Each structure stands twice: as structure tokens, then as C-alpha cells.
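Here the structure is a predicted model, which means the values were calculated and not measured.
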Amino acid sequence: MPADLAVIGLGPYGLPLAQAAVAAGIPTIGYRTGPEAGSLSPAELRRMLSGGFRPTTDPAELGRVRTAVICAPTPRGADGGPDLSQLEAAARTLAAHLRPHTTVILESPVYPGTTEEFLRPLLEEGSGLRAGRDFHLAYSPSRVDPGNRDVTPATTPKVIGGLTPACTESAAAFHGRLTDKVVRARGLREAETVQLLETNYRHVNIALVNEMAVLCNDLGVDLWDVIRCAETKPFGFQAFRPGPGVGGHSVPQDMTAPGGRGLRMVELARQVNDRMPGYVIQRAATLLNEHGKSARGARVLLLGVTYKPDLADLQGTPAREIALRLRELGAAVSYHDPYIPSWSVLDHPVPRADSLYEAAADADLTILLQQHRTYDLQGLSVKAQLLLDTRGAAPAGAAHRL
């Protein structure tokens with residue numbers, strides 16, 4: 001059966017899109033752009049395959065679809081902005097097989113202007129076709145919240161911005177098959193800047209509460225109670241919570257383009273968030289000292305090393321830096337995570353605790369980095385000799401909170 005859709009890039013953006021398309025009855029092929037791929041359970045993969053999903057390594061199949069969505073990962077590059085190398089490779093592969101009347105949609109996080117100034121020339125030069133005349137070109141920011149069971153593609157409005165009004169309508173017609181609401185942006189740059197605003201909004205607000213966490217600890221104030229009270233305000237406030245750092249696949253962009261005007265607020269937010277793993281180490285060392293122990297030689301257990309709860313994803317997790325710094329202090333580090341069977345930091349394996357309660361009882365310090373649903377924090381707070389809770393998840397008074 002010929003596919004209607006090609007999803008190029010099966011990472012954190014492409015795989016959820018492919019799942020949504022298959023669930024909507026759209027025959028879909030998936031083409032990987034690199035080693036990174038999203039995770040599927042065997043049952044999920046069987047459902048997708050039975051629903052019409054076909055993974056392929058044959059680039060010629062990209063020329064047999066009506067819609068091609070590029071979801072290539074754009075991780076943080078050396079300059080702090082998104083690395084477009086996988087996007088470039090995906091574009092060149094697609095261009096060599098692009099047919100007239102195809103709708104091409106970019107959904108990777110990029111700088112404003114990338115679709116028109118970077119992607120468009122690659123597609124046109126490689127195909128001999130003209131965007132806006134021979135094929136449709138649009139941008140749509142990915143709105144994926146991994147692990148959130150309350151948010152589905154069907155109920156998440158989709159923003160679309162095209163090179164031309166006809167490009168917008170073609171892309172909107174495709175996404176209208178997946179979601180209840182399509183929002184049309186004025187153009188490509190507006191749609192790209194939606195992604196910029198949404199990503200930076202998250203990072204800036206997390207930075208604010210991370211700074212509040214440091215301040216409140218110095219003042220002897222319970223920040224978690226402050227947030228509990230503040231979120232009762234019905235206007236002008238949205239609750240964010242601090243943590244040991246910020247992970248995930250969304251890169252904060254403190255520049256609107258390479259070498260372009262900077263966003264000072266975002267640059268500062270990134271600095272604040274990047275300092276949080278070091279602050280966790282500081283708090284850990286202080287707690288050990290207060291209980292007559294040194295970080296050197298201390299047995300430290302890290303609970304939950306993924307970047308998000310109930311998700312087997314280590315992308316950008318602050319646990320890596322925390323484990324590394326603890327080792328540099330001479331601590332013996334181990335970890336427990338029900339989603340990560342083995343874990344290495346700088347190619348050095350970190351011992352995995354088999355029995356959670358025994359490991360917590362044996363450790364001089366247990367640090368909760370991620371709040372997985374399977375963790376009984378009341379029970380852990382009883383078993384652990386010393387518990388540092390970086391997520392405010394343990395019962396009040398049962399642990400030392402960040």
C-alpha cells in the first residue's frame with residue numbers, strides 16, 4: 001500500500017507524530033535520520049505496524065508520499081543554538097526524491113528564518129523544484145509532552161505557517177486529520193518564533209523558581225509551601241517548580257539567529273539552570289557535613305536519572321553532571337531507576353542498585369532527582385539515612401528539600 005506520509009526522523013518529535021498518524025488511519029513510513037530514535041514498547045510497535053506503519057531505510061520511498069514531515073533532531077550545538085547537521089542531511093535526502101505537489105513540513109526546533117533560508121535552498125537545489133510553486137513548504141512547531149497521558153495530539157492545537165497562503169492551507173489540511181484545532185500563523189517566521197517563545201518561556205520560568213529555591217533555602221523559607229499558596233491565584237500566575245537542572249530535547253535559544261541579536265533574559269535563564277547541578281552538590285556536601293560525614297568516601301544513591309518522570313530518556317539529564325561531580329569529590333555513587341537498566345557517565349559504568357530500600361538504607365545520602373510513580377517516598381524517607389529531595393515530592397518533614 002502506498003504511504004500518505006513520510007516522517008523523517010524517528011526521535012522525540014517524529015515518533016509521536018507517526019503514532020498519531022497511524023492512529024488516525026494514515027499509512028505512514030518512518031525514515032531515521034541518525035542513531036537517535038524514540039522508544040517504543042513491543043506492544044506499541046506491534047500496534048503501529050498493524051495500523052500501517054512501515055520503517056524504511058530506502059530513501060526512494062520518500063518520493064512516493066503526499067506529505068513529508070521533517071522531525072530531525074536539532075540538539076544544542078557548540079554555539080549554544082540548535083545543531084542543524086541532521087536537518088541538513090534529511091533535507092538533502094528528501095530533495096533527491098522530492099516530487100511535485102508534495103507538502104513538506106518542518107517540525108524540528110530551529111531559529112526563525114531557518115525554513116526559508118536554510119531548508120528551502122537545500123530542497124530546491126536538490127530537486128530542481130520551486131517551493132511555493134511546485135511543492136508546498138511549511139513550518140509547524142512540535143508540541144510533544146513525553147509521558148504526559150493527559151495531552152494527546154488530537155487535543156493539542158497545531159500551529160501552521162507556510163511559505164505562501166496555499167502552503168499554509170495544504171499543511172493545515174494534513175494536520176487537520178490529526179488534531180481538533182489548527183491555528184494558522186501569518187507565515188513561516190511567525191510559526192518558527194512560536195516555537196522559540198514556547199521553549200524559552202519554559203526555561204525562563206524554571207530559572208526563576210530555581211533562583212527562588214536558592215534564596216528560600218538561605219532565608220529558611222519553605223518554597224514548596226510558597227508555590228502551593230501562590231498557585232491558588234486565578235490570574236497572572238502559572239506554577240513552575242524547581243529541580244536539579246533542566247533536561248530534555250528543547251534547547252533554550254538565547255539568540256534569534258546565529259550571530260544575531262541575543263535574548264538576554266534567556267541567556268541569563270540558561271546560566272541559572274546550568275548552575276543547578278552544582279547547587280545540588282553543594283547542598284549534598286553540606287548535609288553530609290552536618291551529619292558528621294565527608295563527601296569523600298560517602299556512599300551516595302541517586303534516585304531517578306532520566307530527565308523526566310516515568311520516561312526512559314536520558315537526553316540532557318542533570319543526573320550526569322551530578323554523578324560526575326560527586327565522583328570528583330570522592331563519593332561512591334550508585335543509582336536506581338526502573339526505566340534505565342544500565343547507565344554510564346563518561347564511559348564509566350555507574351553501579352545500579354537492585355534492591356531500592358536496601359540501597360537507600362545502606363547509603364549515607366540518597367538524592368531524589370526524578371519522581372517516578374513507582375517510588376514510595378514515604379517508605380523511602382523512613383529507610384534512607386539521609387534524603388535530599390530535589391523535586392519537593394516527599395511528604396513535608398520527611399526529607400531535606402532543595
Parallel, tilted or perpendicular: ring planes of Tyr201 versus Phe240, cut at 30 and 60 degrees: perpendicular
Can you check whether [Y]'s main-chain N or O pairs, donor with acceptor, with [X]'s side chain at less than 3.5 Å?
X      : Y      : result
Ser108 : Ala72  : yes
Tyr139 : Val159 : no
His372 : Asp310 : yes
Ser127 : Ala95  : no
Arg401 : Ala394 : yes
Arg241 : Ile227 : no
Thr179 : Gly176 : no
Gln370 : Val305 : no
Glu192 : Val110 : no
Thr28  : Ile26  : yes

I need the minimum non-hydrogen distance between [X] and [Y], along with the two atoms involved.
X      : Y      : answer
Ala172 : Arg184 : CB-NH2, 3.7 Å
Asp337 : Gly304 : OD2-CA, 3.2 Å
Leu163 : Gly132 : CD2-N, 3.9 Å
Leu178 : Ala24  : CD2-CB, 3.8 Å

pair [X]-[Y]: side-chain heavy atoms closer than 4.5 Å:
X      : Y      : answer
Thr199 : Leu197 : no
Val226 : Asp222 : no
Ile160 : Val183 : no
Val7   : Ile29  : no
His203 : Arg270 : no
Arg299 : Asp362 : yes

Over 12 foreign heavy atoms within 6.0 Å of NZ, Lys383: no
Crowding at CD, Glu190 (>12 non-hydrogen neighbours, <6.0 Å): yes
Hey, is [X] close enough to [Y] for a salt bridge, meaning N to O under 4.0 Å?
X      : Y      : result
Arg120 : Glu116 : yes
Arg283 : Glu290 : no
Arg202 : Glu198 : no
Arg177 : Asp4   : yes
Asp313 : Lys308 : no

Test side-chain contact (heavy atoms from CB on, under 4.5 Å) applied to Leu87 and Thr114, step by step: CA-CA 10 Å; Leu87 172 57; Thr114 300; 4.2 Å; yes
Among Gln195, His175, Arg143, the one residue meeting side chain to side chain donor-acceptor pair (under 3.5 Å) with Glu107: His175
Partners passing ring-ring contact (aromatic ring centres under 6.0 Å, His included) against Trp343 (at least two apart in sequence or in another chain): Tyr335
Step-by-step ring-ring contact (aromatic ring centres under 6.0 Å, His included) determination, Phe135 to His101: CA-CA 5 Å; Phe135 68 94; His101 311 300; over 10 Å; no
